[in-house]
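As structure tokens, the structure follows; a few thoughts come after it.
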Amino acid sequence: MFSFFHKKIFLVDYLHGLVDIHNHILPGIDDGAKTVDDSIDLIKGFSEFGITNFVCTPHIMNNYYPNTPETINNSFEILKKEMENLGLDTIKIDSAAEHMIDDNFENILENNEVMQLKKEYLLVEMSYLQPSFNFDIAIGKIAKHGYFPILAHPERYVYFHHKYSSYLKLKKQGILFQMNLSSLNSESYGAEIQKIGQKLLEDKSVNFLASDVHNLRQLTLIKETKISRRTLNLILPVIDQTIKTFY
């Protein structure tokens, strides 16, 4: 028998006011928005469901996207100027970065070339193929520099899926978890990633939620995402924590 309580609801109906702390909307410096027009289209798309506050986090990835504070700030200023020209004065943007833990990460950390969120948080990621060989060392050095590490999209590291205890180990190291909104939709990354994301939510291991949006197709998937009332009850405290920490 059909029950109202089992009816799926749209995720975006509950995202109003969220601070999106992980996205690739800065133009022309990584695999996200290619032009400032692309950036504006994404910002307008987010604003349709009440997300108007962004921390832009382009990749810093050696040999692929070797961004620096200078390249990031230059792109940020281009976007900011265009927003002013268009009168988008209700949109708030800031700049940071998503740092790959690779063979150059410790160098940029020691040289104070990282781009942190709210001064004390550092967004980091690993390869989807295998864990970073220097991950534990890097995490220790991040802490010594006075930053709190936030691991981007932990649910997407498939090499942890059959070693779920690895997630518990990361949490014991003091690592914060940022889950992607799109992981709630199996059409984004697959059913297995959706399942692990759900389990991390149930275990209260997820600290923050963000979009990780690169393009309009990914934004459309978030708009189309339906979730259960049970999942909504799991993510509402995480949304609230994200807003309180980064607003």
Side-chain angles (χ1 to χ4, degrees), residues 9-26 42-43 45-58 72 76 79-80 83 88-99 114-125 139 142-143 145-156 167-168 170-185 196-213 218-219 222-223 225 227-247:
I9 52 182
F10 280 100
L11 169 66
V12 293
D13 288 340
Y14 299 88
L15 297 181
H16 186 89
L18 177 67
V19 181
D20 187 21
I21 64 167
H22 179 187
N23 58 73
H24 298 269
I25 63 176
L26 286 188
L42 287 169
I43 287 170
F46 276 108
S47 66
E48 290 176 5
F49 50 88
I51 295 181
T52 59
N53 194 332
F54 304 89
V55 182
C56 307
T57 54
I72 291 171
F76 177 77
L79 177 56
K80 191 174 179 181
M83 289 171 57
L88 298 176
D89 51 6
T90 61
I91 307 296
K92 180 182 178 182
I93 62 170
D94 200 355
S95 59
E98 180 183 16
H99 305 80
V114 293
M115 296 283 288
Q116 64 268 35
L117 296 86
K118 290 274 288 207
K119 295 185 179 180
E120 65 261 41
Y121 296 93
L122 208 63
L123 185 67
V124 299
E125 67 172 335
I139 292 299
I142 289 170
H145 279 75
Y147 300 127
F148 297 102
I150 302 175
L151 181 62
H153 40 63
E155 72 280 3
R156 296 190 63 191
Y167 289 116
L168 305 179
L170 294 174
K171 297 302 292 185
K172 286 180 180 179
Q173 289 178 264
I175 298 170
L176 303 168
F177 284 1
Q178 173 265 304
M179 180 177 165
N180 285 0
L181 292 168
S182 47
S183 294
L184 295 167
N185 188 333
I196 293 297
Q198 184 80 17
K199 182 165 176 54
L200 289 171
L201 285 168
E202 290 171 354
D203 291 345
K204 302 189 186 311
S205 293
V206 179
N207 302 95
F208 308 114
L209 284 165
S211 76
D212 192 14
V213 154
Q218 293 176 340
L219 183 58
I222 292 175
K223 288 181 179 181
T225 298
I227 58 175
S228 66
R229 183 72 57 178
R230 178 167 172 262
T231 298
L232 175 65
N233 290 334
L234 291 172
I235 68 171
L236 284 177
V238 185
I239 290 171
D240 187 55
Q241 183 173 348
T242 306
I243 295 171
K244 287 181 176 178
T245 304
F246 294 101
Y247 184 75

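- L200 and Y167 get closest at one heavy-atom pair: CD2-CG, 4.0 Å.
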Using a 3.5 Å cut-off and no angle test, enumerate the donor-acceptor pairs between side-chain atoms of residues 148-156 and protein atoms at least two apart in sequence or in another chain.
{"unit_1": "H153", "atom_1": "ND1", "unit_2": "Y157", "atom_2": "OH", "d": "3.3"}
{"unit_1": "H153", "atom_1": "NE2", "unit_2": "E98", "atom_2": "OE2", "d": "3.2"}
{"unit_1": "H153", "atom_1": "NE2", "unit_2": "Y128", "atom_2": "OH", "d": "3.2"}
{"unit_1": "E155", "atom_1": "OE2", "unit_2": "N180", "atom_2": "N", "d": "3.0"}
{"unit_1": "E155", "atom_1": "OE2", "unit_2": "S183", "atom_2": "OG", "d": "2.6"}
{"unit_1": "R156", "atom_1": "NH1", "unit_2": "Y128", "atom_2": "OH", "d": "2.9"}

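- With 3.5 Å as the limit, one finds a donor-acceptor pair spanning the side chains of S211 and D20.
- The CD atom of E202 sits 6.0 Å away from atom CG of L234, with the distance rounded to the nearest 0.5 Å.
- F49 and L219 get closest at one heavy-atom pair: CZ-CD1, 3.8 Å.
- Not counting sequence neighbours, K118 has no partner by the salt bridge (charged side-chain N to carboxylate O under 4.0 Å, His left out) test.
- When the shell of 6.0 Å around NE2 of H145 is examined, it contains more than 12 heavy atoms from other residues, nucleotides or ligands.
- Every side chain to side chain contact (heavy atoms under 4.5 Å, CB included) that T242 has, sequence neighbours left out, goes to L18, I21, F208, V238, F246.
- Taken to the nearest 0.5 Å, the CD atom of Q241 stands 9.5 Å off from the CG atom of L209.
- Note that CD of Q198 is 11.0 Å distant from CD1 of I196, once rounded to the nearest 0.5 Å.
- The two atoms that bring Y14 and I239 nearest to each other are O-CD1, 3.6 Å, heavy atoms only.
- Take K171 and apply the side chain to side chain contact (heavy atoms under 4.5 Å, CB included) test, not counting sequence neighbours, and it matches F177, S205, N207.
- With rounding to the nearest 0.5 angstrom, the CD1 atom of I51 is 6.5 Å from the CG atom of L181.
- How far OH of Y147 is from CD of E120: 10.0 Å, rounded to the nearest 0.5 Å.
- Across M115 and S95, no two heavy atoms sit closer than the pair CE-OG, 3.9 Å.
- When all heavy atoms of F76 and L26 are compared, the pair lying nearest together is CA-CD2, 3.7 Å.
- Sequence neighbours left out, the pairs with a member in residues 233-247 that pass salt bridge (charged side-chain N to carboxylate O under 4.0 Å, His left out) are D240-K244.
- Applying the ring pair (Phe, Tyr, Trp, His ring centres under 6.0 Å) criterion to H24, with sequence neighbours excluded, gives H22, H59, H214.
- With rounding to the nearest 0.5 Å, the separation of NZ in K80 from CG in L88 is 13.5 Å.
- Of all heavy-atom pairs between D212 and Q218, the closest is O-OE1, 3.6 Å.
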Criterion side-chain contact (heavy atoms from CB on, under 4.5 Å) on L184 and M179, from CA distance to verdict = CA-CA 9 Å; L184 295 167; M179 180 177 165; 3.6 Å; yes

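- N185 places none of its side-chain heavy atoms less than 4.5 Å from the side chain of I222.
- Side-chain contact between I175 and I139: present, with at least one pair of heavy atoms (C-beta onward) separated by less than 4.5 Å.
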Show your working on side-chain contact (heavy atoms from CB on, under 4.5 Å) between I227 and I9 and close with a plain yes or no.
-> CA-CA 5 Å; I227 58 175; I9 52 182; 4.0 Å; yes

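- A heavy-atom distance below 4.5 Å is not found between the side chains of L42 and N23.
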Could you go through the side-chain contact (heavy atoms from CB on, under 4.5 Å) check for V114 and I142 one step at a time?
-> CA-CA 10 Å; V114 293; I142 289 170; over 6 Å; no

